[in-house]
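Here is the structure we will look at.
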Number of protein chains: 2
Amino acid sequence: MARYQVGVQTEARIVEATRSLLAEGGTDATTLKAICDRAEVRSGSFYNLFRSKEDVIIRVIRESITAVDPDPDGAGTDTVDDLVDAYIRFFVEEPKMAKVYVMSALSGESSADSTRRRFLRHHMRRVERFGDAMQRSGSSLTPEVGAVQAELLLGALDGLAFRWALDQTFDFPKYALLAKERFN
Amino acid sequence: MARYQVGVQTEARIVEATRSLLAEGGTDATTLKAICDRAEVRSGSFYNLFRSKEDVIIRVIRESITAVDPDPDGAGTDTVDDLVDAYIRFFVEEPKMAKVYVMSALSGESSADSTRRRFLRHHMRRVERFGDAMQRSGSSLTPEVGAVQAELLLGALDGLAFRWALDQTFDFPKYALLAKERFN
DNA sequence: ACACAATTTGAGTATACACTCCAAGTTTGA
DNA sequence: TCAAACTTGGAGTGTATACTCAAATTGTGT
């Protein structure tokens with residue numbers, strides 16, 4: 001038989017609860033009890049929907065990493081402006097996901113290694129995409145130099161994101177745009 | 001009576017064990033058992049020297065934050081080159097501390113809030129110091145613009161540090177120098 | 001309305017954790 | 001050499017944690 005609607009909703013509540021907890025207090029604060037309390041669910045329901053606590057956490061982290069890079073099919077056509085704008089929008093419109101994104105790379109999760117590798121692959125793809133956009137923007141760069149420039153710009157953007165995660169009153173959009181001007 | 005030498009050495013072993021564990025696997029991997037095993041000490045000895053597990057962790061994190069900024073009395077005299085060189089040297093010469101430094105800002109520690117505030121204060125002081133150095137370097141900057149430039153350069157450096165923490169084969173010195181050049 | 005699968009409940013289990021305690025051993029200064 | 005202070009080992013405590021299970025309840029297609 002097909003899934004029940006109520007189950008789908010419960011799943012969504014659990015994912016959202018996990019995301020908030022991760023964003024607010026990291027993996028330490030994200031206990032099963034905390035998740036269940038916030039999602040208004042008992043542990044039995046949780047384990048009816050997820051194989052383990054790590055399952056939800058990994059799912060939330062993966063969703064965050066995916067959400068940074070919208071329109072993955074559009075690769076090869078967007079400009080540096082597009083990419084930086086998308087990054088800024090991600091932080092303004094999805095602050096919870098953004099915080100999870102920043103924290104996930106360095107989180108001391110027991111599944112840290114697989115998460116770290118995933119983040120690294122994601123970063124490589126981004127460097128490539130930024131590098132391509134930079135080459136297309138007119139200035140004649142070799143692919144190698146383009147990659148270095150992209151790593152620099154992305155490094156700067158990620159550093160400012162790091163700074164924002166530390167203190168969310170930090171004006172990330174303003175500095176991200178300045179970084180774009182300076183490192184492009 | 002003075003402290004016994006053997007106790008001082010045990011304390012040092014515990015601190016070092018905690019630092020390695022934090023650098024390798026974050027707070028999750030840094031259990032009391034793991035610390036004691038690595039330091040070759042039983043829990044009774046641990047609690048003879050430290051009030052709690054958090055005590056050592058906080059101490060290790062504070063030491064890392066302090067170590068980034070050598071010669072704090074020299075403030076007001078060093079150049080941007082000096083500051084960037086010191087940062088690079090920190091990563092090359094003290095990779096464990098450096099990794100703890102990067103991770104500490106966003107760690108999901110139960111004492112996360114006090115650690116985060118401490119890191120933020122540290123960052124503010126660094127921005128000020130970089131800003132001063134930039135103003136002194138010749139180009140006529142207002143203090144406000146100097147602070148913005150400093151935040152940008154530091155953001156870039158921290159982002160590259162972040163990148164290095166993710167994958168320690170990343171050539172941090174090379175990129176840190178490239179980032180610095182963009183501000184000359 | 002019925003059958004039956006999906007979902008929920010909540011008490012229960014096993015374990016890993018941080019931390020305590022104190023007797024026994026060791027180091028130190030006089 | 002002595003005694004006081006410090007250090008150590010290691011069994012033991014309480015608690016929070018992730019996870020299980022069987023019975024009860026609810027949702028859905030027919």
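Just so we're on the same page: letters track the sequence lines, and every chain starts at 1.
Scored by the side chain to side chain donor-acceptor pair (under 3.5 Å) test, A:Glu63 finds A:Arg19, A:Arg59 as partners (sequence neighbours excluded). By the salt bridge (Lys or Arg N to Asp or Glu O under 4.0 Å) test, B:Arg118 pairs with no residue at all, sequence neighbours left out. Applying the side chain to side chain donor-acceptor pair (under 3.5 Å) rule to A:Thr169 yields the partners A:Asp167; only residues at least two apart in sequence or on another chain are considered. Not a single ring-ring contact (aromatic ring centres under 6.0 Å, His included) links A:Phe130 to another residue, sequence neighbours left out. In terms of the side chain to side chain donor-acceptor pair (under 3.5 Å) criterion, B:Lys174 has no residue partners (sequence neighbours excluded). Under the rule for a side chain to side chain donor-acceptor pair (under 3.5 Å), the partners of B:Asp37 that lie at least two apart in sequence or sit in another chain are B:Lys33. With sequence neighbours excluded, the residues that form a ring-ring contact (aromatic ring centres under 6.0 Å, His included) with A:Phe170 are A:Tyr175. Residues forming a ring-ring contact (aromatic ring centres under 6.0 Å, His included) with A:His122 (at least two apart in sequence, or on another chain): A:Tyr101, A:Phe119.
For A:Gln5 and D:dG29, the CD to P distance is 10 Å, given to the nearest whole Å. Rounded to a whole Å, the CZ atom of B:Arg3 is 17 Å from the C1' atom of C:dG29. Atom pair A:Asn48:CG and D:dA24:C1' shows a separation of 14 Å (rounding to whole Å applied). The distance between atom CG of A:Asp37 and atom C1' of D:dT17, rounded to the nearest whole Å, is 13 Å.
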Query raised in the report: If the sugar-phosphate is the primed atoms plus P, OP1 and OP2 and the base is the rest, what is the B/S/- string for nucleotides 10-22 of chain C, using protein heavy atoms under 4.0 Å?
Result: BB-----SSBBB-
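A heavy-atom distance below 4.0 Å to DNA chain D is reached by these residues of residues 10-20 of chain B, ordered by number: B:Thr10.
The C1' atoms of five pairs define one axis at each end of the helix from C:dA1-D:dT30 to C:dA30-D:dT1, and these two axes lie 30° apart (to 10°).
Residue pairs meeting the ring pair (Phe, Tyr, Trp, His ring centres under 6.0 Å) criterion with at least one member in residues 17-47 of chain A, sequence neighbours excluded: A:Phe46-A:Phe50.
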**Report entry** CA sep, side-chain torsions, deciding dist, call: B:Tyr87, B:Asp158, side chain to side chain contact (heavy atoms under 4.5 Å, CB included)
**Finding:** CA-CA 10 Å; B:Tyr87 198 36; B:Asp158 288 344; 2.6 Å; yes
